[in-house]
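Everything on this sheet refers to the single structure shown next.
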Amino acid sequence: MSPRRQPPLARAFLALALAAGAFATASAAIVPPGTQLSPRQEMVRNNGAEPESLDPAYIESVNGAEIERDLFEGLTSTNHHGDVVPGVAESWKQTDATTWVFKLRKTALWSNGEPVTADDFVYAWRRFLDPKTASKIASTYGIYLANGLDVVNGKKPVTELGVRAIDKETLEVKTAGPVSFLPQVVSVAQYSPQPKATIAKLGKEWTKPGNMVSNGAFVLKDWSVNSKVVIEKNPKYWDAANVQLTRVTFLCVEDNNADLKLYQSGEEDFMQQLAPGAYTALKAQYPAEMHNGPLLGIRYYSLNNLDPLLKDIRVRKALSMVIDRDILASKVTADGQAPLYGLAVKGLAGISQTRYDWADWPMDKRVAEARKLLADVGVKPGTHLKFTYNNSDYHKKMAIFAASEWKTKLGLETDMDSLEFKVLIRKRHDGDYQIGRNGWIATFNDATIFLALVQCNSESNDDKNCNAKADELIVQGNQQTDPAKREALLTQAAKLVMDDYPMIPLLQYSVPRLIKPWIGGYDDSNGTDRYRSKDFYILKH
Amino acid sequence: MWAYVVRRLLVTIPTVLAVVTICYLLLHFTPGGPFDSERKVSDAVLANLQAKYHLDLPLWKQYLYYLDSLLHGDLGASFRYADWSVNDLVARALPVSLAIGGTAMVIAVILGVAMGIVAALRQNSAVDYLVMLFGNVGSVLPSFVLGPVLVLAFAITLPWLPSGGWDDFAPRYMILPIALLTLINVSTIGRIMRGSLIEVLSSNFIRTARAKGLPMRIVVMRHALRPALLPVVSVIGPLAISSITSAIVTESWFSIPGLGKLIVNGASDRDYTLVLGLVVLVTVLAVFLNLVVDLMYAWLDPKIRY
């Protein structure tokens, strides 16, 4: 998720373009009129894994960010629909192509009662990107700020970072190029403010219960490693009057079956994820409690474009054409995911979905065309492919299906190589594979995140393809101030690059999970699957 | 005997050193590293991270650096759990594992020995078959089958106990995991005890004792029990170590924050310092428990002298 750095916009910009402008009213739990709430507003949800840290500078995982969004609040935030809403900043505007001004609310306080100021953001962002902090995710987000990458790489001091406090309640942000989606970017947990005095005083211990000072809707109450994180309502939070939950327990159960068992026995209200193959039966058993919204994520197979066999576009195209995504989605994974024939997924902002022409052909015609392509290249039946995936039943099932498609329709043999996850990702990053399982999930809703998968020299481009023309279109698109023009250019770029068949898009992720019927505030249409506990409430039951 | 104990304790030092060295090399030669993640870490950030954890040094220097920390009682900073040191993690997980694994071991030994005695004294009777059937169920059914059965019975069908989780040593969260670990171990101990006691009971010195007219209760308790316990004591050491440090399935199924979970996560996350710290702990525990077992031999069998 690291788009190429944008070149500076040389010309004068039409300035004062108003940004998101989503100056919505308070963004807390929306309890429908007439709803009867439970007197006990406590929720237990499984968060899937132990967070790697509770320090916003070190958060890398989805699980860690989920807790941080409750403990800390950035300039902006996202609500239960996934839309950007004001956070500590009550308003913002883009004053020129690369400059944004955020106005902070006077009522924003730390949990110790001190006001949250623009300086807290300057301190936090500098600390996050400081090479001495050594945050794994620094370059991923630093790329958006002026001098961000140079600071991460140690080429410029942190004081050169494109953020400054104009006064206590006004923050100016300079971006590396035009970043029209900056309000999305600064909603991520890593761009939260940090309490300078507490960190200076306590060092690494500042994130422990009793030590942590935070500014979110909740404060840290208890943290038992590999067991749970408990948070309680923060009375100092600026919108505390609209926060319903008083206590939330995040479990970190990784085993899907253990997760289900805790749900069934009433130990938790909110599952993280179903075990592979469990969806159909559980949906029948708990029809009212099963939720399955689409996620802004793509399941795909990476094709090593530098591989001697796969360097020919016709081979890559043939391999992609014969995989029947409909059967894959309905019979193999069978958990509500949608077939995919392009890079962009449904609901992704700033881009339209593209689809290969042949996706609507009958399968016989697709197979005939694929065979012809292979024959033209001279690839004979019996040729061996090497497929690499990480050892999980889910991926194995999908891999066997793909291998069977290539065998029965093209006569190609597939050698399976099941690896541990860390080994797979190292091999993918190093280009030491032929066909590899892959997947990508958006951390905020903008096309840039997905385009990073196919841009030349992008750290996320495991396929090692490069289409210079598509890259140029992406640069041009990101310089547009008109959202429609930007979307048109980015869509054109995605279509162009996907016509190179750098990868095999397969499915759009969904999030099947069970949630107790008394939990209010969950929205199946939230494609980012990011939730704040301030948006939840417990119905009387 | 004290000289023997001191000698055995001193042997711990080269043992730990050898184990740590081998593990250190194995870990560093395993493909994949602690900083590999879905989003590729940029070269500059990788360099920052390696410098922070001293991974930019040559391997031998890293090794010496680690040994130096180890000698000072510092197991290092965890790669995976950024806010915690390995000392912190072990200090929090060890009491949990000791409480679950240790309690289960004590119950399993008492129950297993009692079952073995009953079965041996009623050899080939209905009681023997019944006791051994119960014991063998624990032996043939793996923990990933027994665990769900226990939860289904006592947490879901009869909602008496929580199906998992942990709440600061609250007994209700400990009952099912202890029951599971006990069931797994009790069968092994029971079977060994039964076989051993049957063998001892057919010995000449037992026949002599019975010929002297001693009641069976006295024969068993005073003469047969101690020698019959020797094989049981031999397996207690390894069983205790695995129950305390490697109850991975039990901990995972019941979501218990013990050492087993740390070991699995540490290995898959390539958390070098965490894995090494746990290896040191397991090694020390193994040496200590083996020493205890050896000392118990001497107590049980007067022929053994140290």
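Atoms considered below: every heavy atom in the structure, side chains included; atoms not considered: hydrogens, waters and symmetry mates.
- Looking at A/K427, neither its backbone nor its side chain comes within 4.5 Å of chain B, counting heavy atoms on both sides.
- Within the 4.5 angstrom heavy-atom criterion, only side-chain atoms of A/E420, from C-beta onward, approach chain B.
- When side chains are defined from C-beta on, A/L54 counts as touching A/L220, because their heavy atoms get closer than 4.5 Å.
- In B/F169, the CZ atom is crowded: over 12 heavy atoms of neighbouring residues, nucleotides or ligands sit closer than 6.0 Å.
- Of the listed residues (B/P257, B/G33, B/G32, B/P31), the one with the most heavy-atom contacts under 4.5 Å to chain A is B/P257.
- For the 3.5 Å distance criterion, the side chains of A/N226 and B/K261 fail to qualify, holding no donor opposite an acceptor.
- Residue contact with chain A, scored on non-hydrogen atoms closer than 4.5 Å, is absent for B/P148.
- Only the backbone of A/T133 comes within contact range of chain B, with heavy atoms under 4.5 Å apart.
- Proximity to chain B among residues 255-265 of chain A is limited to A/D255, A/N257, A/A258, A/K261, A/L262, A/Q264, A/S265, judged by heavy-atom separations below 4.5 angstrom.
- At least one test fails for A/R437 against the ring of A/Y389: distance under 6.0 Å to the centre or angle within 45° of the axis.
- In this structure, A/Y144 and A/F444 have perpendicular ring planes: the angle between them is above 60°, well past the 30° mark.
- Residues A/N438 and A/S302 have side chains that bring a donor and an acceptor to within less than 3.5 angstrom of each other.
- Remark: B/D56 CG is packed, more than 12 non-hydrogen atoms of other residues, nucleotides or ligands lying under 6.0 Å away.
- For B/S243 and B/N185, the side-chain atoms include at least one donor-acceptor pair closer than 3.5 Å.
- Proximity to chain A (any heavy atom under 4.5 Å) is shown, for B/F144, by neither the backbone nor the side chain.
- Ion pairing between A/E60 and A/K136 holds under the 4.0 Å rule for side-chain N and carboxylate O.
- Ion pairing of B/D36 with A/R426 is present here, as a side-chain N (NZ or NE/NH1/NH2) and a carboxylate O approach within less than 4.0 Å.
- With a 4.5 Å cut-off on non-hydrogen atoms, B/S268 touches chain A through its backbone and its side chain both.
- Looking only at heavy-atom pairs under 4.5 Å with chain B, the residue among A/D222, A/V423, A/V225, A/V152 that has the most is A/V225.
- Between chain A and the options B/G147, B/A44, B/A93, heavy-atom pairs under 4.5 Å are most frequent for B/A44.
- Proximity to chain A is limited to the side chain of B/N265, based on heavy atoms less than 4.5 angstrom apart.
- Of the listed residues (A/K132, A/K208, A/R428, A/E205), the one with the most heavy-atom contacts under 4.5 Å to chain B is A/K208.
- Cation-pi geometry between A/K204 and B/W84 is not met at under 6.0 angstrom from the ring centre and within 45 degrees of the axis.
- Contacts of B/L89 with chain A are made by side-chain atoms alone, with heavy-atom separations under 4.5 Å and no backbone atom involved.
- Considering only heavy-atom pairs separated by less than 4.5 Å from chain A, the leading option among B/P162, B/G258, B/A155, B/A51 is B/P162.
- Here the CG-OG distance, from B/L274 to B/S85, works out to 10.5 Å after rounding to the nearest 0.5 Å.
- With no hydrogens or angles considered, no side-chain donor-acceptor pair links B/Y53 and B/T273 at under 3.5 Å.
- A donor atom on one side chain and an acceptor atom on the other are not found under 3.5 Å apart for A/N457 and A/N461.
- Of the two parts of B/R80, the backbone and the side chain both hold a non-hydrogen atom closer than 4.5 Å to a non-hydrogen atom of chain A.
- Heavy-atom distances place no part of A/E268 under 4.5 Å from chain B, backbone and side chain included.
- Within the 4.5 angstrom heavy-atom criterion, atoms from both the backbone and the side chain of A/W223 approach chain B.
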